Amino acid sequence: MANNRTFTMIKPDAFSAGNAGAILKMIEEAGFKIVAIKATQLTAELAGKFYEVHKERPFYGDLCTYMSSGPIIAAILEKDNAVEDFRKLIGATNPAEAAEGTIRKLFAKSIEANAVHGSDSDENAEIEGNFYFNQFERVL
Ligand code: CMP
């Protein structure tokens with residue numbers, strides 16, 4: 001079903017700071033159901049594949065180094081209007097511009113170490129979920 005799933009990562013900064021539980025609590029309290037979840041660590045090569053769309057950006061190399069610097073949590077989430085509602089919940093990419101009460105406002109350290117990732121479209125939610133999870137790793 002389109003329009004009801006998104007994909008998220010709790011990034012190394014938030015995981016290492018011990019904020020994964022608080023972030024997952026906010027996600028569930030906002031009405032998202034966890035469909036798949038795992039703690040894992042990317043290699044720089046896998047981070048490069050995940051963020052390939054940004055490969056021409058000046059921050060790409062640092063982003064791959066950062067995203068492979070420690071454990072993360074990857075999850076598929078379900079809710080009506082999931083992509084848009086989740087992006088509202090996490091706030092702007094740059095935490096300095098994120099609205100009060102959003103996950104990035106509360107937990108992000110910088111524009112790069114910005115606590116969480118959220119898919120930007122239904123199509124990317126599907127691609128990104130499939131990057132991490134096969135059909136046996138989903139409860140729904
Ligand atoms: P995310 O939503 O996961 O998508 C791309 C990531 O690149 C973004 O979060 C940030 O972690 C990072 N990013 C985006 N813009 C910048 C920037 N200007 N400088 C450094 N990192 C950035």
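First listed ligand is number 1; within each ligand, the first listed atom is number 1. In this text the structure is predicted, and so the values were computed from the model without any measurement. Just so you know, residue 1 is the first one in the sequence shown, and it goes up from there.
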(request) Going by the side chain to side chain contact (heavy atoms under 4.5 Å, CB included) test, name the single residue among I90, N114, N19 that passes it with I103. (result) I90
(request) Show which residues join I111 in its hydrophobic cluster (side-chain heavy-atom contacts under 4.5 Å, direct or indirect), or state none. (result) none
(request) Anything with a heavy atom under 4.0 Å from ligand 1 counts, so go ahead and list those protein residues by chain and number. (result) K11, Y51, H54, F59, L63, T93, R104, I111, E112, N114, H117
(request) Answer yes if the ring centres of F7 and F86 are under 6.0 angstrom apart, and no otherwise. (result) no
(message) Any non-hydrogen side-chain atom of I73 less than 4.5 Å from a side-chain atom of K38?
(response) no
Can I get a per-line list of side-chain donor-acceptor pairs under 3.5 Å for residues 41-49, giving both atom names and the distance, sequence neighbours left out?
unit_1	atom_1	unit_2	atom_2	d
Q41	NE2	S68	O	3.0
T43	OG1	L46	N	3.0

(request) Would you mind listing every salt bridge (Lys or Arg N to Asp or Glu O under 4.0 Å) that reaches into residues 76-99, with sequence neighbours excluded? (result) R5-E78, K79-D85, E84-K88
